[in-house]
Amino acid sequence: MTSPADRPAVQAAAPRVAVLGGGIVGLASAWALARAGCRVEVFDDDPGGGASFAAAGMIAPTSEAAFGQEHLLAAGLASARLWPDFARDLEHCTGASVALQSTGTLLVASDHDDAAVVQRHTMLLDRLGLASQRLGTRAARRLEPALSPRLCAGVLLRDEHSVDPRRVVRLLLAALGSLGVQVRPTRARPLLAAARCVGVVTEPGPGRPVERVEADAVVVASGWSARDVVLPGLDLRRAVRPLKGQILRLRGEPGLLTRTVRATVHGDEVYLVPRPDGEVVVGATSEDVGVDTRVTAGGVHELLRSAVAVVPEVAELELVEATARLRPATVDNLPLVGATGTPGLLVAVGHGRDGILLTPLTAQVMTAAVLDAPAPRHAESLDPQRFAAERSPM
Ligand code: GLY
């Protein structure tokens, strides 16, 4: 647990920072800022209840790599390398285990067309100089005996991790509490005066009047709903859109799988992320359908059909939860992290499919931006000002 000696000395002149949004990105940024000596408050009426609640927690830059997304890959690789230290620091601060699993990812395919997809991905990794190990089906099944014998390709990506985002959110909240950071159960919006951001205005609620809170810096980290925050000079409505994901949580005896399995099944993508306690997370749909968080029969059917084709025993697991949430996607698939051009106003939004992966890097970039310190590598590609109202990145 954090001891008084571990706590940063908060100076009276330390910047006051308001973080709007208590998902994993907002909380980790708040934690990094508080550890850097800022006086931080977080505003969220349901901390950890948005995309972080659904996320499977893959820290998987190589399996998510795609043609033409080199900047995202570079940022993802950098952030994946930060994850072990981020987890250790959080463990040191809270005295609880993050349970980071570093057993890698296995890519598999269910037929020859799917195997061609996996092979193309492996060729992309080769071209980018990223390690992958091709396995025959038998070798893949030696690693994961629960895999169906009908699968026809296996590729091991050793350097990938996974984590339970709900646990990380809980630990971040505890870590913030131990640093005296308040998480206020209300939404808020930036307050502008004389062309700069001077604080936030809270939303009124039952028995809760509107409040103005002064801040030297405001970080908008409210996921897909950030597109409704009107910012001078930055077109978040054009940049950010909701991308629906449905995801399942199943439960059985621990050990059915020991690593993340990602499969292409007759053209559909599915992943199975095992947790040490026997939970298996099966995800996820990717639906460009606007603001819709309904769990649908078709979504659940598609995920279960694919998951059972990959690991037949999935059919015997208890179906514990079906969840739908909205990822904050962007039109160029890169998040917006940094200053906005309005003094005092910063954003950390648009993490799409990679919010958990990109959390430690985002927290570093955000801290450097607030404190006007040198930006970490890769920060440039995340610069929000590519969406300045008068410019277009696409
Ligand atoms: N990162 C996996 C997903 O968004 O479904």
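When a ligand or atom number is given, it counts from 1 through the structure's own listing order. Starting from 1, each residue takes its place in the sequence as its number.
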Participant: Between W224 and R227, is there a cation-pi geometry (under 6.0 Å to ring centre, at most 45° from the normal)?
Facilitator: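 R227 over W224 ring: no.
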
Participant: Any atoms of ligand 1 less than 4.0 Å from a non-hydrogen atom of A284? List them with their elements.
Facilitator: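 Checking each atom against A284, I get 5 (O).
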
Participant: What atoms of ligand 1 come within less than 4.0 Å of a heavy atom belonging to E64?
Facilitator: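 Those atoms are 1 (N), 2 (C).
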
Participant: Among all protein heavy atoms in this structure, tell me which lies nearest to atom 4 (O) of ligand 1, with the distance rounded to 0.1 Å.
Facilitator: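 Among all protein heavy atoms, the one nearest atom 4 (O) of ligand 1 is R327 NE, 2.8 Å.
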
Participant: Let me check something: any side-chain donor-acceptor pairs from residues 162-174 under 3.5 Å, sequence neighbours excluded? List them with distances.
Facilitator:
from: D164; atom 1: OD1; to: R166; atom 2: N; distance (Å): 3.0
from: R166; atom 1: NE; to: F53; atom 2: O; distance (Å): 2.9
from: R166; atom 1: NH1; to: E321; atom 2: OE1; distance (Å): 3.1
from: R166; atom 1: NH2; to: F53; atom 2: O; distance (Å): 2.9
from: R166; atom 1: NH2; to: E321; atom 2: OE2; distance (Å): 2.6
from: R167; atom 1: NH1; to: S97; atom 2: O; distance (Å): 2.9

Participant: What protein heavy atom sits nearest atom 5 (O) of ligand 1, and how far off is it?
Facilitator: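 Looking at atom 5 (O) of ligand 1, the protein heavy atom closest to it is Y271 OH, 2.5 Å.
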
Participant: Under a 4.0 Å N-O cut-off, is there an ion pair linking R294 with E287?
Facilitator: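 No, no charged N to carboxylate O under 4.0 Å.
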
Participant: Do side-chain atoms of R327 reach the backbone of P242 as a donor and acceptor pair under 3.5 angstrom?
Facilitator: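 No.
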
Participant: If you have a sec, work out which protein heavy atom is nearest atom 1 (N) of ligand 1 and how many Å separate them, to one decimal?
Facilitator: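 Sorting protein heavy atoms by distance from atom 1 (N) of ligand 1 puts R353 O, 2.6 Å first.
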
Participant: So, E160 and T260: side-chain donor and acceptor under 3.5 Å apart, yes or no?
Facilitator: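 E160 vs T260: no donor-acceptor pair found between side chains.
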
